[in-house]
Asks: 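Just passing along the structure, written as structure tokens.
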Amino acid sequence: MAIKSLSIRIDETMLHKLHVVADYEGRSANNEILILIRDAIEAYEEKHGKIEL
């Protein structure tokens, strides 16, 4: 599986809060975002069924 890049726009306050949460969890901001995305996909699939590629 290839690793892709994604650029997002995020306001300074939200970015700061993301770093606080990531630091608390012992993760980088990038890894924290990946976990949040994974959790959102899992929740979606629980409600709507598996997403097929």
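In what follows, every heavy atom counts, from backbone to side chain, and hydrogens, waters and symmetry copies are set aside.
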Asks: Would you be so kind as to tabulate the donor-acceptor pairs closer than 3.5 Å made by side chains of residues 18-44, with sequence neighbours excluded?
Replies:
unit_1 : atom_1 : unit_2 : atom_2 : d
Arg27  : NH1    : Glu32  : OE1    : 2.9
Ser28  : OG     : Asn31  : N      : 3.0

Asks: Using the test side chain to side chain contact (heavy atoms under 4.5 Å, CB included), find all partners of Lys47 that sit at least two apart in sequence or belong to another chain.
Replies: none
Asks: Does atom NE2 of His16 have more than 12 heavy-atom neighbours, drawn from other residues, nucleotides or ligands, at distances under 6.0 Å?
Replies: no
Asks: I need the full list of salt bridge (charged side-chain N to carboxylate O under 4.0 Å, His left out) pairs touching residues 6-21, with sequence neighbours left out, sorted by first then second residue.
Replies: none
